[in-house]
Amino acid sequence: MTLAPPSDRLTVDASGRRRSARSGRAPGRTPIGYVFVSLYALLALAFGIIPTLYAILLAFTNADGGFAGFNNFVTVVTDFRFWPAVLHVTLYLVIWLIALVIFVVLLALLVHGLRARWASTSLRFVYYLPGALAGASSVLLWLFVLDPTASPVSGLLRLMGFNSFVQVIQPGNLPAIFAIIAFWTGAGGWIVIMYGALNNISTDILEAARIDGANAVQIAIRIQLPMLRKWIAYMGVMSLAAGTQLFVEPQLLSQASNGVVPNDYSLNQLAYQYAFEQNDFNGAAAISLILLIVALLLSWVFVTRGGLFERE
Amino acid sequence: MTALSTGQRSRVSLRGWSGRAVAGLVLIVFVLFFVIPIVWLLFAVTKSSRALIVDNPFSLGSWTDFVANWNQLFGFQDGAVTTWIANSAEYALGALVITLVVSIPAGYALALTEFKLRKPLLVLTLVVMLIPSTALVLPIFLELNSVGLIGSPLSVILPMSFFPFGVYLTYIYFSTSIPRDLLAAARIDGCSELQVFARVALPLGAPIVALVAFFSFVQNWNNFFLPFVMLPSSDGYPIQVGLTSLLSSTPAFNPSSAGSDSVQLPTLALATIVSVLPVLIVFLFSQRFLVTGMTAGGTKE
């Protein structure tokens, strides 16, 4: 679960400087800060910086350690499995993100609009609960739900024309299926976060709008949505970056379907194939690097363009 | 928490019965969507594999069938499931302890002390926090492979202990909720820097320690890709990876597996519940604080 709240208080810039001017440490003291961050810095080095550098090194060398230029990247990108994997992940991301933005915002607004406190609290809890079933467990549960023979909603599946598990997991359905699984486990956390953001909108503004005769829908569109903008952008970019790493869903589905779903469906699976089936660690590093660059670019857009970490 | 009380009066309520009906319908449809799979799962583990298919999905099976499923699950490969759960506990708790020992002082130092590398470290934390942890798994594998750590519990525990989100949360908490004057006063009273941290900051930081511990535990327990890549042998699997072994021994999903040690569907359902039970318990106990307080770190006022 990566539910990091964007904060208007992250004071990397101006206030950090102001703070240091105000209460700098006493002269002559050891900078105790270094002691406190030393272990963290060590871990950051070992599991953040070094692996990244090592991946770069491997991606640009060949199996014998010689310089390979962009050969690994060419091999990977021209692999017949690469572009289909890109397409699969992209389709999944499009469906998932649209569903996430529309339904999370809609549900947060509706739950926030409830007058009864108990109803609002219990709904948030119910929506949040599936978050406890993440990873392989949630995929396993959805294998049952999608199998018409055992499914609790087999009637619904048959109504939609699905009579067997294999029919359900046809390639065309997979992006939607993965989006549903991801939405089921992840949406609740975001609804809770959006709800918190809605709570922070000043009462006066809403009161004023109501006196001016705005109805609930108008208030939602003209006031609440614009004020949620940052949080929606934040959710979008975090989910986008995480979604590029699709792995456990297609991996388990591939296993459960006897290969009807290929085991190189997503980019991460392909990287895994390179490393562990073909023993081509350089190729795997090249794919990892491509995924890492995409994730980094997205976070860069998020930090610089989103304005999420700026003070208002 | 204060956000809630101020929020009481700012609610925008839908007027008119048709608007309310539509809103209610949407809310209920999603309740069903989120809840039906879980409720079904609870019923499924009490059934025989025949009853699972023939009977009403939401009917209760029998205690005998539940016991049979339980025995089949824990008898699988001579008690492999027990080993996997023990492994999960070892990895998740080991990483949790290291995460707390590492992150809390680091977040505190970033928030309340001054040193030259403070800002670069903060930016690094921010960037790494935004990178999905999965993105670094293969590079970390390659790194640990070159130092011969693959297959050891440390290959899972150490990477999971690196938890920039925890450092960020601690940083936000300490920089907004602890007045620097308080620390200064303690220093004047003769506290060493270590004592200031241990006697003043840490007791005040109890809520954030709990929050970081919660996120770290849940994330570690549910982690799939990292242990899947790092641990080659079944003896070392955590339960999340162990589930794949159970899945491949389930004839309903893998017909070639029909053999002496095959797993029936209700047993697989039971495995799903067992695999998330610790997280589910933690969830239920911290429900109030999660549903209301999860945004506490990121909201204003």
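As the structure is a prediction and not an experimental result, all values here were calculated from the model. By convention in this document, chain letters (A, B, ...) are assigned in the order of the sequence lines, proteins followed by strands, and residues within each chain are numbered from 1.
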Please find out if less than 6.0 Å separates the ring center of F103(A) from that of F33(B). no
With only heavy atoms counted, which part of P57(B) is less than 4.5 Å from chain A, the side chain, the backbone, both or neither? side chain
Pick one of side chain, backbone, both or neither for I180(A), based on which atoms fall under 4.5 Å of a heavy atom in chain B. both
Can you tell if the side chain of Y40(A) reaches within under 4.5 Å of the side chain of L121(B), non-hydrogen atoms only? yes
Chain B contact via F183(A) - side chain, backbone, both or neither, heavy atoms under 4.5 Å: both
Please classify the contact between S137(A) and chain B as side chain, backbone, both or neither, with a heavy-atom cut-off of under 4.5 Å. both
With a 4.5 angstrom heavy-atom cut-off, which part of F247(A) approaches chain B: side chain, backbone, both or neither? side chain
Less than 4.5 Å apart, any side-chain heavy atom of F228(B) and any of Q251(A)? yes
What part of A269(B) is in contact with chain A, defined as an atom under 4.5 angstrom from a non-hydrogen atom: side chain, backbone, both or neither? both
What part of D147(A) is in contact with chain B, defined as an atom under 4.5 angstrom from a non-hydrogen atom: side chain, backbone, both or neither? side chain
Chain B contact via F165(A) - which portion, at a heavy-atom distance below 4.5 Å: side chain
Measure L144(B) against the heavy atoms of chain A and call it side chain, backbone, both or neither at under 4.5 Å. side chain
Scored by heavy-atom pairs under 4.5 Å with chain A, the best of V39(B), N222(B), V35(B) is N222(B)
Using a 4.5 angstrom heavy-atom cutoff, name the option from V145(A), L291(A), L289(A), L292(A) with the most pairs to chain B. L292(A)
Given a strict heavy-atom distance threshold of 4.5 Å, which part of Y108(B) is in contact with chain A: side chain, backbone, both, or neither? side chain
Contact origin within V126(A) toward chain B - heavy atom pairs under 4.5 Å: both
Partner chain A: residue of L265(B), L52(B), L280(B) with the largest heavy-atom pair count (under 4.5 Å): L265(B)
How about L129(A) and F34(B): do any of their side-chain heavy atoms sit closer than 4.5 Å? no
Under 4.5 Å from a heavy atom of chain B, the part of L252(A) involved: both
Less than 4.5 Å to any heavy atom of chain B: does that hold for the side chain of A187(A), its backbone, both, or neither? side chain
Heavy-atom distances under 4.5 Å only: say whether L158(B) touches chain A with side chain, backbone, both or neither. both
Give the C-alpha distance, both sets of side-chain angles, the deciding distance and a yes or no for side-chain contact (heavy atoms from CB on, under 4.5 Å) between F47(A) and L136(B). CA-CA 8 Å; F47(A) 302 112; L136(B) 282 171; over 6 Å; no
Who wins among V167(B), V241(B), V54(B), V279(B) for the most heavy-atom pairs under 4.5 Å with chain A? V167(B)
V153(A) side chain near W40(B) side chain, heavy-atom distance below 4.5 Å: no
Honestly, the part of V31(B) sitting under 4.5 Å from a heavy atom of chain A is both
Which bit of S151(A) comes within less than 4.5 Å of chain B, counting heavy atoms only: side chain, backbone, both or neither? backbone
What part of L143(A) lies closer than 4.5 angstrom to a heavy atom of chain B: side chain, backbone, both or neither? both
F125(A) and L284(B): side-chain contact (heavy atoms from CB on, under 4.5 Å), yes or no, with the steps? CA-CA 9 Å; F125(A) 176 66; L284(B) 293 174; 3.5 Å; yes
Please determine whether side-chain contact (heavy atoms from CB on, under 4.5 Å) holds for the pair L194(B) and F36(A), giving the CA-CA distance in whole Å, both sets of side-chain angles, and the decisive distance to 0.1 Å. CA-CA 9 Å; L194(B) 210 63; F36(A) 282 128; 4.0 Å; yes
Okay, T113(B) and chain A: the region with an atom under 4.5 Å from a heavy atom over there is side chain
By a 4.5 Å heavy-atom criterion (distance strictly below it), what part of T125(B) contacts chain A: side chain, backbone, both, or neither? both
Chain A contact via F58(B) - which portion, at a heavy-atom distance below 4.5 Å: side chain
For Q255(A) and T244(B), indicate whether the former's side chain and the latter's backbone hold a donor-acceptor pair under 3.5 Å. yes
For the backbone of K116(B) and the side chain of Y34(A), can you confirm whether one donor and one acceptor N or O come within less than 3.5 Å of each other? yes
Does the plane of the ring in F276(A) sit parallel, tilted or perpendicular to the ring in F141(B)? Use 30° and 60° as the thresholds. perpendicular
Checking I49(A) against L124(B) for the side-chain contact (heavy atoms from CB on, under 4.5 Å) test, could you report, in this order, the C-alpha distance in whole Å, the side-chain angles of both residues, the deciding distance, and whether it holds? CA-CA 9 Å; I49(A) 296 169; L124(B) 176 77; 4.1 Å; yes
Side chains of F43(B) and P152(A), heavy atoms from C-beta outward: is any pair under 4.5 Å? no
Please verify the inter-ring angle class for F30(B) with Y127(A); under 30° counts as parallel, over 60° as perpendicular, anything in between as tilted. perpendicular
Which atoms of I273(B) are under 4.5 Å from chain A, going by heavy atoms: the side chain, the backbone, both sets, or neither? neither
Where does S103(B) contact chain A at under 4.5 Å (heavy atoms): side chain, backbone, both or neither? neither
At a 4.5 Å cut-off on heavy atoms, which part of L58(A) comes close to chain B: side chain, backbone, both, or neither? side chain
